[in-house]
Chemist: 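Take a look at the following structure, please.
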There are 2 protein chains.
Amino acid sequence: MTGTRTRQKVEVRREEILLAALAEVERVGLAAVRVSDVATALGISTGLVFYHFRTKDELVADAFTYAVERDLTTMERAAARRGPVLDRIRAVLRTYGPTGSATGWRLWIDGWALAQHEPVIADHFRTLDDRSRGILRALVDEGLADGSLTCSDPGASVRRLLALLDGLSVAAEVHRSVSRKQLRTWVDGAIETELVGG
Amino acid sequence: MTGTRTRQKVEVRREEILLAALAEVERVGLAAVRVSDVATALGISTGLVFYHFRTKDELVADAFTYAVERDLTTMERAAARRGPVLDRIRAVLRTYGPTGSATGWRLWIDGWALAQHEPVIADHFRTLDDRSRGILRALVDEGLADGSLTCSDPGASVRRLLALLDGLSVAAEVHRSVSRKQLRTWVDGAIETELVGG
DNA sequence: ACGACAACTGACTCGCGGATCAATAGGACT
DNA sequence: AGTCCTATTGATCCGCGAGTCAGTTGTCGT
């Protein structure tokens with residue numbers, strides 16, 4: 001985890017810092033991250049962080065952009081795999097949330113809170129929401145075309161599936177009333193009733 | 001909104017402050033609330049706030065307890081009304097979230113984030129989750145008994161319904177991809193498929 | 001009408017963490 | 001083997017907001 005002591009060129013350092021910032025947010029939460037934490041996690045000075053990012057808020061915002069983009073590409077890759085649409089839909093929903101990692105939802109949940117008061121962050125979430133809906137929607141349409149799926153209102157189904165996943169993730173992460181395993185079972189079940197049954 | 005200038009006895013002031021704190025959290029968000037904000041909102045000194053609450057964290061925690069309890073009683077009242085179970089289930093889910101008010105979800109979403117790092121808050125959410133599930137569960141059991149509902153796994157159905165509601169609320173509040181009206185329609189639809197269909 | 005206590009004030013302390021900046025060290029290119 | 005730019009330091013500034021406290025004022029019982 002301790003970063004390279006050597007001098008790095010801008011592009012590289014920037015990404016290092018972004019990743020460290022994300023890791024730190026996961027660890028202590030958005031509200032509690034300090035610039036000095038990020039710096040010491042990499043073994044660098046706080047000054048250097050401000051050399052790369054004008055302000056702490058900018059760092060956080062950029063870190064979100066980074067996480068959103070990373071997750072979207074993960075989803076897109078899952079969607080582009082070979083195989084029956086239904087399997088790919090399941091795969092996409094399984095990667096949803098930061099890299100599908102168990103702890104990754106911490107970031108999203110913290111982010112929702114922040115988004116309510118920081119329009120910049122809210123925009124990132126809208127992007128994430130729009131594009132992930134787009135990815136799923138394309139898959140559903142494909143399934144409708146090849147006759148493997150049935151669905152009267154694809155747009156609504158996609159929204160409901162994503163919402164269920166969000167809600168179950170909160171139950172798993174915050175309330176701890178649902179296990180990750182149960183979550184998957186239920187999401188798969190919902191996919192079935194939304195896109196296969198009627 | 002400006003509070004009574006006069007002297008109040010402990011019990012009264014305490015509640016005033018709690019309410020003001022909740023209002024302030026709604027307005028600016030959990031991360032940004034300042035004790036002085038709460039004080040000035042009531043037209044009192046910051047010192048007085050600390051006279052009633054040892055620390056800011058304690059104030060916030062107590063405010064959460066208050067909000068949770070308030071919402072649970074609202075739900076319980078909705079559950080206790082006369083009429084067919086199905087209607088009462090709909091009513092309960094409609095009051096869910098702070099007093100069912102449109103803006104109330106801000107508090108819960110902020111709270112989820114906080115709960116991830118403050119065990120005290122996490123406990124409150126577990127209480128909220130457990131008890132609201134209990135309320136719904138009792139209604140479902142009643143419906144099963146009188147034959148008006150059909151459901152193979154009531155516990156699971158209740159959890160899924162609550163999760164869907166949480167997720168849709170995030171979509172409405174954060175992503176703004178779902179209207180309140182649509183949210184209700186979809187929740188009602190889910191009630192139908194979970195508890196009536198099969 | 002006077003204690004006496006409980007509610008309340010407001011000015012103060014203090015530490016924390018974001019931001020700054022002059023000075024320094026690496027390394028690429030000539 | 002020096003020049004010049006760029007990444008990096010670390011000491012320092014500064015404001016903000018939590019928490020304190022000595023003193024003030026309302027109110028209730030007697």
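By convention in this document, chain letters (A, B, ...) are assigned in the order of the sequence lines, proteins followed by strands, and residues within each chain are numbered from 1.
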Chemist: Look at B/R126 together with B/D129 and state whether they make a salt bridge at an N to O cut-off of under 4.0 Å.
Modeler: no

Chemist: Mind calculating the distance between CD1 (A/I17) and C1' (D/dT8) to the nearest angstrom?
Modeler: 11 Å

Chemist: Quick one: sort the B/W112 and B/W105 rings into parallel, tilted or perpendicular, breaks at 30° and 60°.
Modeler: perpendicular

Chemist: Output yes when A/D87 and A/R94 qualify as a salt bridge under the 4.0 Å nitrogen-oxygen rule, no when they do not.
Modeler: no

Chemist: Scan nucleotides 17-30 of chain C nucleotide by nucleotide, 5' to 3', and note B when protein non-hydrogen atoms come under 4.0 Å of the base, S if they reach only the sugar-phosphate, - if neither.
Modeler: SSBB----BB----

Chemist: Closer than 4.0 Å, any side-chain N/O of A/Y51 to the OP1 or OP2 of D/dT8?
Modeler: no

Chemist: What is the separation between atom CD on B/Q8 and atom P on D/dT27, rounded to the nearest whole Å?
Modeler: 10 Å

Chemist: Write down the distance between CG (B/L30) and P (D/dG17), rounded to a whole number of angstrom.
Modeler: 16 Å

Chemist: From the set C/dA7, D/dT8, C/dT9, return the single nucleotide nearest to any side-chain atom of B/I44.
Modeler: C/dT9

Chemist: Do the side chains of A/D37 and A/R27 get close enough for a salt bridge, i.e. N-O under 4.0 angstrom?
Modeler: no

Chemist: Starting at atom CD of A/E11, determine the distance to atom C1' of D/dA7, rounded to an integer number of angstrom.
Modeler: 15 Å

Chemist: Taking only distance into account, with no hydrogens and no angle test, what donor-acceptor pairs under 3.5 Å do side-chain atoms of residues 42-53 of chain A form with protein atoms, sequence neighbours excluded?
Modeler:
{"unit_1": "A/S45", "atom_1": "OG", "unit_2": "A/L48", "atom_2": "N", "d": "3.4"}

Chemist: When you measure from the side chain of A/S45, which nucleotide among C/dC8, D/dA7, D/dT8 comes out closest?
Modeler: D/dT8

Chemist: Looking at A/E11 and A/R14, is there a salt bridge between them, counting it only when a charged N and a carboxylate O are closer than 4.0 Å?
Modeler: no

